[in-house]
Visitor: 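Mind looking over this structure? Questions follow.
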Amino acid sequence: MPTSAKASARQRTPATIYNHLKVEKKWQKEWEVNGTYKTENPSLRSGSKRLQPKMYVLDMFPYPSGAGLHVGHPRGYIGSDVYARMKRMDGFNVLHPMGFDSFGLPAEQYAIQTKKHPGPFTDKLVAQYKKQLEVIGFSYDWSREVSTHRPEYYKWTQWIFLKLCDAWYDSKKNKARTIDELVTLFEKSGTKSVAAFADNATPTFSAKEWQSFSAIEKQNILMQYRLAYEGFAEVNWCEELGTVLANDEIVDGPTGPVSERGGFPVIKKAMRQWFMRITAYADRLVEDLQPLDWPNNIKEIQKNWIGKSVGSEITFEIPAAQTSVSVFTTRADTLFGVTYIVLAPEYPFISEWQNVISNWTEVEAYIKSIAQKEENERTAADKPKTGIQLKGLTAINPANGEEVPVWIADYVLANYGTGAVMGVPQHDERDFAFATTYKLAIIDRPLVDKNEITKKVAGTLVTKYKMRDAIFARQRYWGEPIPLRHATNGLITPLKEKQLPLELPKVKSYEPSGNGESPLSQVKEWIKEGYETNTMPGWAGSSWYFLRYMDPTNNKAFAGKKALDYWKDVDMYVGGAEHATGHLLYSRFWHKFLFDMGLVATKEPFKALRNQGLIGGSDGRKMSKRWGNVINPDDVVKLYGADSLRLFEMFLGPFEAHLPWSTEGIIGSRRFIERVWRLALKLKDQENFRASGERLARTKDRENISDLGASQKALHKTIKKVTKDIQTFSFNTAVSSLMICLNEFEKNGVSEKDFQIFLQLLAPFAPHVTEELWNGSTSIHLAGWPKFNPKYLVEDQVTVGVQVNGKVRAEITIAIDASKEDIETAALALPRIQEFLQGKSVKKIIVVPGRVINIVATE
RNA sequence: GCCCGAGUGGUGGAAUGGUAGACACGGGGGACUUAAAAUCCCCUGCCCUCACCGGCGUGUGGGUUCGAGUCCCACCUCGGGCACCA
């Protein structure tokens, strides 16, 4: 930083009244001009400069909505900024960027309503958001800003998508590999030598057969292996609106689900979609959670979401239909207690057995009635279980040869396990309820060893997951185009890298097309080229943005190898807990894939994670326009200053706690800053401010109560406390200890030198006022982080509570190194204690040095 | 229903099993001022009391311990996640 600019900025004497508007504006400009927070990549570093340890501190980037920021939004950003600033001062090479997740529904809705392109609108919102963030004084390196809707960014989102398309999961090597490698394996030996994570019904074939397949046949087979693949999925379809709806666009109507807008019926419909085979990574996504420094509840949520369960697949023969059914169970030990077999109504082969099912008409009617039910309705836990027996069929228990009836029932899910369950009413609550309703046998049999019985009946030990593959397509305009072409013969070709980005075309209308496809399907040139009409979902761009910050202008790669090898991963990630099963899972999946491909250096993207709590309205409700309780940070900054806002949001309570906003509360933070300011003024007058004793005038009558030594002690205690508290995100107690320290300074006086150190501690929280009062030759924010000297932390006297039978009755102040005996003697000598011990005999004395002494006496 | 987490003054909250209520807001009283604001000083968990002394007190009930807001068991309330996952 040019010192001349700095020096000239310093020369003014501080105004007697703290003018936050002037001071904050001045330094924000100064920082920008001087590039105070600019972060350099090591490769760009000039000459022999020492390589500092890296520290990547990241916020979850916002979606820039029209409503703008309210006072709750910056809370997480302030926390991460305090952390980043402290690390930067401490000598780390800190990467602290910000950007915008700018594809999404609200901008699309705006486009539909105004019939204008969402691009310029989004750009405007981004600029607005940025402005709101800037006045708060974050230490972002804005030169690294990214927005997911810009073609130079989404080029690489598309590129990663194509990589995923071009990959399969090798279950043996436990990593992703390219499709080329899979094809080579197929050419060599067919499916024989391939252990892959693929669709259930993937066919087996020899090398010879593979060669005989047509291009389309090959494509269909490979599609069952690709990590990004095309398939069919049930979606919420609204005929009247002619569109697909998200779950939260649907409400309950009197006769079933209806659209929130218009109240039209919504049904389930299978539609062509792109998917991400995230299930291939299920196991690693669970396993690799363990060492992460993440909040336990987020880890727990992800674990439950993935829902790993280890069990057995056991086959029951059904001789009448010349078939068999495999069930999945985690309780193979209860196999002897099976009294029936039950299949999901959607079980694929039921209709093939209709000749041997004597009550087929009723069965068919039942299946139909279930198909019309909404999934929510079907799976409501309190719903009575329904089912029907497949008369004429019996299944044979492989453990003992017993014949049991075969049922279908709506409490069995088609898309979990094998879609078939063995009924053990004795040991399973749901089976018990079902058996009771339909008067099925309930038998009590001894339990056996799970593994042994599985082996004995020729079953297999398997692991199942609740998590499903993620749909990776939206029938919307405002998202990344999927960079593929569909030829009229059905062949799909990915675009070449040099053809990227595939930019969004102009459209006439942003309305849904009416046939459930995206507005892109109405663009003639688009269709002529055979481009995919679906766009990517909102989470595509956000699944890798943190990598782009490492090297944001690279036009040869999503990030350069040098940058990736240096920055590696995010050291501290801060954001809302609501992303636990979305963004945080998808990012981990993409990152693991990129790791498998040798494109990133670590197997996890976010080493540490912290969640900030929400700030609600002062009325205890959620902050929203609807309740009229929204506080705009711009107003707060204008009135009290950014430093006050920052300090207050950190002081309010624990970082992760949900807290109500308090308009009165921020006054305390403002007052604190003003007191710091006034103390600085006093230090202008006298090199070392000596307390006049005004604070103690009433209680103590001393000429000079100034005690700079006491202040020095307080300061070093504060250095220790603040350092530790910022590391652990205990910002509220860090601020509180700074307040305590200032109280000491005012009471005892303080030296100029100690006051400057105090400013350093305060700098991460209140960057503007501390910079203004700082006397150094560089910015305070690059001035190093203070170290405490343990010698100032040593107390020679300590106050110890004296308890009798566990109740505090007195206290004594005694030398810190007093022996237990000394403490005992001193405590017993106290008149108050003597009184309490009257007529009792001392049984035992417990001395906790420096804390408490407990005298245990008889009653 | 299952899995997490939390319940502390008027309010936000603090407290390695060791003196509960730090820090701050609000409230009360005082100083300064012609006055107000700002600032500074004192008090502020509840009950009894002029005061001292004392009693009670961290959602409820038990337990462990010399000692429990903190650990264990049961329950209540609130928040979050999942929703018949076999």
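First the proteins, then the strands, lettered A, B, ... as listed; each starts at 1. Just so we're clear, the structure is a prediction, and the values are computed from it rather than from any experiment.
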Visitor: Do the ring centers of A:Phe765 and A:Phe651 come within less than 6.0 Å of each other?
Guide: no
Visitor: Taking syn as a glycosidic torsion within 90° of 0 and anything else as anti, which one is B:rG9?
Guide: syn
Visitor: Verify the neighbour count for atom CZ of A:Phe432: are there more than 12 heavy atoms of other residues, nucleotides or ligands below 6.0 Å?
Guide: no
Visitor: For a quick check of understanding: with a heavy-atom distance under 4.0 Å over all strands, which category does A:Phe432 fall into, base, sugar-phosphate or nothing?
Guide: nothing
Visitor: Does NZ belonging to A:Lys720 count more than 12 external heavy atoms closer than 6.0 Å?
Guide: no
Visitor: Considering only heavy atoms and no angle criterion, is a donor-acceptor pair shorter than 3.5 Å present between the side chain of A:Asn854 and the base of B:rC66?
Guide: yes
Visitor: For nucleotides B:rC43 and B:rG62, find the distance between their P atoms and express it as a whole number of Å.
Guide: 38 Å
Visitor: Is it the case that atom NZ in A:Lys717 sees more than 12 heavy atoms from other parts of the structure closer than 6.0 Å?
Guide: no
Visitor: Does a side-chain N or O from A:Arg678 land closer than 4.0 Å to OP1 or OP2 of B:rC40, or not?
Guide: yes
Visitor: Side chains of A:Ser326 and A:Thr315: is there a donor and an acceptor less than 3.5 Å apart?
Guide: yes
Visitor: Report which part of the nucleic acid A:Lys807 touches: base, sugar-phosphate, or nothing (heavy-atom distance under 4.0 Å, all strands).
Guide: sugar-phosphate
Visitor: Separation of A:Asn415 atom CG from B:rA86 atom P, in whole Å?
Guide: 13 Å
Visitor: Using a distance-only test with no angle check, is there a side-chain donor-acceptor pair under 3.5 angstrom linking A:Asp822 and A:Ser819?
Guide: yes
Visitor: Would you indicate what A:Ser662 reaches in the nucleic acid, counting non-hydrogen atoms under 4.0 angstrom: base, sugar-phosphate, or nothing?
Guide: nothing
Visitor: Any heavy-atom pair between the side chains of A:Tyr640 and A:Leu645 that's under 4.5 Å?
Guide: no
Visitor: With heavy atoms under 4.0 Å as the rule, sort A:Ile301 into base, sugar-phosphate or nothing.
Guide: sugar-phosphate
Visitor: Which one is paired to B:rC25, where only Watson-Crick or G-U wobble pairs with both distances under 3.5 angstrom count?
Guide: B:rG10
Visitor: How many Å lie between CD1 on A:Ile306 and P on B:rA83, as a whole number?
Guide: 14 Å
Visitor: The side chain of A:Glu300 is closest to which nucleotide in this list: B:rC82, B:rG12, B:rC4?
Guide: B:rC4
Visitor: What contact category does A:Glu578 fall into here, base, sugar-phosphate, or nothing, at under 4.0 angstrom with non-hydrogen atoms?
Guide: nothing
Visitor: What distance, rounded to whole Å, do you find between the two C1' atoms, one in B:rC3 and one in B:rC56?
Guide: 38 Å
Visitor: Which part of the nucleic acid does A:Arg670 contact within heavy-atom distance under 4.0 Å: base, sugar-phosphate only, or nothing?
Guide: nothing
Visitor: As a test of reading the structure: which of B:rC84, B:rG54, B:rC25 is closest to the side chain of A:Asp410, going by heavy atoms?
Guide: B:rC84
Visitor: Could you measure between the two P atoms, the one in B:rC73 and the one in B:rG5, and give it in whole Å?
Guide: 12 Å
Visitor: From C-beta outward on A:Phe836, which listed nucleotide comes closest to its side chain: B:rC23, B:rC40, B:rG54?
Guide: B:rG54
Visitor: When you check the side-chain N and O atoms of A:Glu744 and A:Asn748, is any donor under 3.5 Å from an acceptor?
Guide: yes
Visitor: My understanding is that a pair needs two contacts under 3.5 Å, Watson-Crick or G-U wobble. By that rule, which nucleotide pairs with B:rC32?
Guide: none
Visitor: Could you say whether A:Val848 or A:Tyr416 is positioned toward the 5' end of RNA chain B, judged by the nucleotide with the nearest heavy atom to each?
Guide: A:Val848
Visitor: Nearest to the side chain of A:Val852, which nucleotide is it out of B:rG18, B:rC4, B:rA86?
Guide: B:rG18
Visitor: In whole Å, measure the gap between the P atoms of B:rC4 and B:rA14 for me.
Guide: 24 Å
Visitor: Rounding to an integer number of Å, can you tell me how far A:Ile812 CD1 sits from B:rU19 C1'?
Guide: 12 Å
Visitor: Might you work through the side chain to side chain donor-acceptor pair (under 3.5 Å) test for A:Thr386 and A:Tyr438, ending with a clear yes or no?
Guide: CA-CA 9 Å; A:Thr386 67; A:Tyr438 291 99; 5.2 Å; no
Visitor: Can you tell me, in whole Å, how much space there is between the P of B:rU77 and that of B:rC40?
Guide: 47 Å
Visitor: Which base sits across from B:rU60 as a Watson-Crick or G-U pair, both distances under 3.5 Å?
Guide: B:rA74
Visitor: Which residue lies toward the 5' end of RNA chain B, A:Thr329 or A:Thr799, if each is placed at its nearest nucleotide?
Guide: A:Thr799
Visitor: Without decimals, in angstroms, what is the distance between A:Glu429 CD and B:rA83 C1'?
Guide: 14 Å
Visitor: Both distances under 3.5 Å, Watson-Crick or G-U wobble: report the partner of B:rU49, or none.
Guide: none
Visitor: What nucleotide, of B:rG54, B:rG13, B:rG18, holds the atom closest to the side chain of A:Leu659?
Guide: B:rG13
Visitor: Does the ring of A:Tyr465 carry A:Lys308 above it, NZ/CZ under 6.0 angstrom from centre and within 45° of its axis?
Guide: no
Visitor: Reckon A:Lys844 touches a base, only the sugar-phosphate, or nothing at all at heavy-atom distances under 4.0 Å?
Guide: sugar-phosphate
Visitor: Rounded to whole angstrom, note down the P distance from B:rG1 over to B:rC75.
Guide: 12 Å
Visitor: Check the distance between B:rG5's P and A:Lys299's NZ and give it to me in whole angstrom.
Guide: 13 Å
Visitor: Starting from P on B:rA86, measure out to CD1 on A:Ile341 and report it in whole angstrom.
Guide: 16 Å
Visitor: Nearest 0.5 angstrom please: A:Arg671 CZ to A:Met739 CE, how far?
Guide: 10.0 Å
Visitor: May I ask you to say what A:Glu811 touches in the nucleic acid, namely base, sugar-phosphate or nothing, with a heavy-atom cut-off under 4.0 Å?
Guide: base
Visitor: Select one nucleotide: of B:rG55, B:rC82, B:rU16, the one nearest the side-chain heavy atoms of A:Arg851.
Guide: B:rU16
Visitor: Given the C1' atoms of B:rC47 and B:rC53, what is the spacing between them in whole Å?
Guide: 14 Å
Visitor: Please tell me which of the listed nucleotides, B:rG54, B:rC23, B:rG26, lies nearest to the side chain of A:Ile667?
Guide: B:rG26
Visitor: Rounded to whole Å, please give me the gap between OH in A:Tyr465 and P in B:rA86.
Guide: 13 Å
Visitor: Name the nucleic acid region contacted by A:Val856, choosing base, sugar-phosphate or nothing; use a 4.0 angstrom heavy-atom cut-off, strictly under.
Guide: sugar-phosphate
Visitor: Give the rounded distance in Å between these two atoms: CZ of A:Phe651 and C1' of B:rA24.
Guide: 4 Å
Visitor: Examine B:rA22: is either OP1 or OP2 under 4.0 Å from a nitrogen or oxygen in the side chain of A:Asn743? Give yes or no.
Guide: no
Visitor: Could you identify which residues of residues 721-742 of chain A place a heavy atom less than 4.0 Å from some atom of RNA chain B, listed by residue number, or say none?
Guide: A:Asn732, A:Thr733, A:Ser736, A:Met739, A:Ile740
Visitor: Taking the same atom, C1', in B:rA15 and in B:rA31, what whole-Å distance lies between them?
Guide: 35 Å
Visitor: Tell me the partner of B:rA38, counting only Watson-Crick (N1-N3 plus N6-O4 or O6-N4) or G-U wobble (N1-O2 and O6-N3) with both under 3.5 Å; none if nothing fits.
Guide: none
Visitor: Does B:rG26 have OP1 or OP2 under 4.0 Å away from a side-chain N or O of A:Arg671?
Guide: yes
Visitor: Check the side chains of A:Thr581 and A:Tyr586 for a donor-acceptor pair under 3.5 angstrom, ignoring hydrogens and angles.
Guide: no
